[in-house]
Amino acid sequence: MKTVKRNILLNPGPATTTDTVKNAMVVPDICPRELEFGELTLSVRDDLIKVARGEKNHTCVLLTSSGTGGVEACLTSVIPMDKKVLIVNNGAYGERMQAICDAYGIAHVDYNIPAGKPVDLAELEKMIQAHQKDLSHVAFIHHETTVGILNPLKEICSLAHKYKLENIVDAMSSFAGMDIDVERDEVDYLVSSSNKCIQGMAGISFVIARLENLKKTSSIKRNFYFNLMANYEYLNKNKQFLFTPPVQTLYALRQAVTEYFQEGAENRFARYASMYEVMKKRVKELGFEFLVEEKHHAKLLTAILDPKSPNYSFNEMHDYLFERGFTIYPGKVGSINTFRLSNIGAIYPADIEAFLKVFEEYLRLKKII
Ligand SMILES: Cc1ncc(COP(=O)(O)O)c(C=O)c1O
């Protein structure tokens with residue numbers, strides 16, 4: 001097996017992968033219409049349903065795209081032509097859902113909250129009540145990666161159901177990184193991608209869909225490549241992606257899902273959470289403040305307010321860390337500047353300790369602290 005230089009990615013995905021996932025992509029060329037590849041495809045699909053604990057009532061539609069494609073597929077495939085979607089927006093990805101709807105002429109009611117602030121469920125309920133007759137869906141981001149806030153999954157999903165509405169959850173950066181059970185949490189549609197907490201390579205998005213709901217979408221004609229029902233039916237019938245799949249990315253995803261089960265869901269969630277705890281504690285000790293109140297942290301990414309020191313420059317800090325194998329991520333929310341540290345992917349507590357040492361070394365060298 002080829003070993004590859006290890007970079008510690010603290011950006012929120014594509015995340016660091018294991019060498020075994022990287023090497024899984026080196027396979028003999030294969031036509032994706034071959035049965036062998038079809039079986040691989042179905043095994044990945046079925047295992048993603050298991051990760052979401054959706055074996056009872058859900059299926060999974062695999063698409064060739066980044067995560068945004070999965071969100072676009074879902075919004076454009078399931079909202080009836082004469083209905084509206086209520087979009088909860090407390091960050092860039094909520095805003096992106098609104099932009100997708102605008103691009104397709106899908107009417108939406110916006111529950112806009114300043115980025116980084118939590119959802120007020122009573123306010124949301126009032127808004128649903130006010131628009132109930134026009135609405136068919138409530139859509140929101142589970143972990144709003146722009147700021148690291150966790151929106152309440154089960155509460156919002158069941159609130160939608162209380163008013164006979166379906167829900168759409170963008171769980172891009174939380175799926176496989178924290179406890180999600182689509183049955184228990186009442187999720188109808190959950191969207192995620194191959195390169196975040198599931199620890200695969202970029203190139204596949206997927207929608208875990210309640211089959212009963214999905215089957216009601218056949219008459220909605222708004223898209224082509226991204227039509228969920230068409231993609232579902234083709235895969236189900238032919239054991240093949242509807243269009244050319246990213247062959248090697250699927251092999252990597254197969255390996256990544258196997259490694260998820262080998263590690264164990266609980267162990268993965270605990271590993272991520274423990275890295276967050278260590279990082280949060282040290283960053284606080286160094287005098288930094290967070291954008292989001294701690295009780296709303298998803299524990300998968302932390303947005304940290306830029307230090308006030310005139311010696312601080314994100315780009316310089318990034319380059320210093322990058323040269324030493326650590327990648328950090330900028331983050332601007334309105335007029336507030338932050339930098340973001342994520343703790344997802346095939347990284348471990350020792351990597352976080354090593355990062356914190358170099359981070360502190362830089363801050364002292366530049367007299368930022
Ligand atoms: C919550 C959320 N939604 C959507 C996306 C968009 O995914 P992509 O950049 O793969 O299109 C991201 C990416 O980080 C995300 O975190």
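Each ligand, and each atom within it, is numbered from 1 in the order the structure gives.
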For this session: For Y251, check ring-ring contact (aromatic ring centres under 6.0 Å, His included) against everything at least two apart and list the hits.
Result: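 Once residues adjacent in sequence are excluded, the partners of Y251 under the ring-ring contact (aromatic ring centres under 6.0 Å, His included) criterion are F37.
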Problem set entry | Heavy-atom neighbours of F261 CZ exceed 12 at 6.0 Å |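 Yes, CZ of F261 has more than 12 neighbouring heavy atoms, counting only those of other groups under 6.0 Å.
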Exercise. Within a reach of under 6.0 Å around CD of E289, are more than 12 heavy atoms found that belong to other residues, nucleotides or ligands?
Worked result: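 Count not over threshold, so no.
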Exercise. Does any pair with a residue in residues 99-122 pass side chain to side chain donor-acceptor pair (under 3.5 Å), and if so which ones, sequence neighbours excluded?
Worked result: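 For residues 99-122: E72-Y104, N89-N112, Q98-D110, Q98-N112, D102-H108, H108-D110, Y111-E123.
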For this session: List for me each residue that meets salt bridge (charged side-chain N to carboxylate O under 4.0 Å, His left out) alongside K215, sequence neighbours excluded, and say none if there are none.
Result: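 Partners of K215 by the salt bridge (charged side-chain N to carboxylate O under 4.0 Å, His left out) criterion come out as none, since no residue qualifies.
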Problem set entry | Test: R324 and D319 ion pair at under 4.0 Å |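 Not counted as a salt bridge, because no side-chain N and carboxylate O are separated by less than 4.0 Å.
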Need the list: ligand 1 N/O atoms against protein N/O atoms, distance under 3.5 Å, rounded to one decimal.
unit_1, atom_1, unit_2, atom_2, d
ligand 1, 3 (N), D170, OD1, 3.4
ligand 1, 3 (N), D170, OD2, 2.6
ligand 1, 10 (O), G67, N, 2.8
ligand 1, 11 (O), S66, OG, 2.6
ligand 1, 11 (O), G67, N, 3.3
ligand 1, 11 (O), T68, N, 2.8
ligand 1, 11 (O), T68, OG1, 2.5
ligand 1, 14 (O), Y93, OH, 3.2
ligand 1, 14 (O), K196, NZ, 2.9
ligand 1, 16 (O), T145, OG1, 2.5

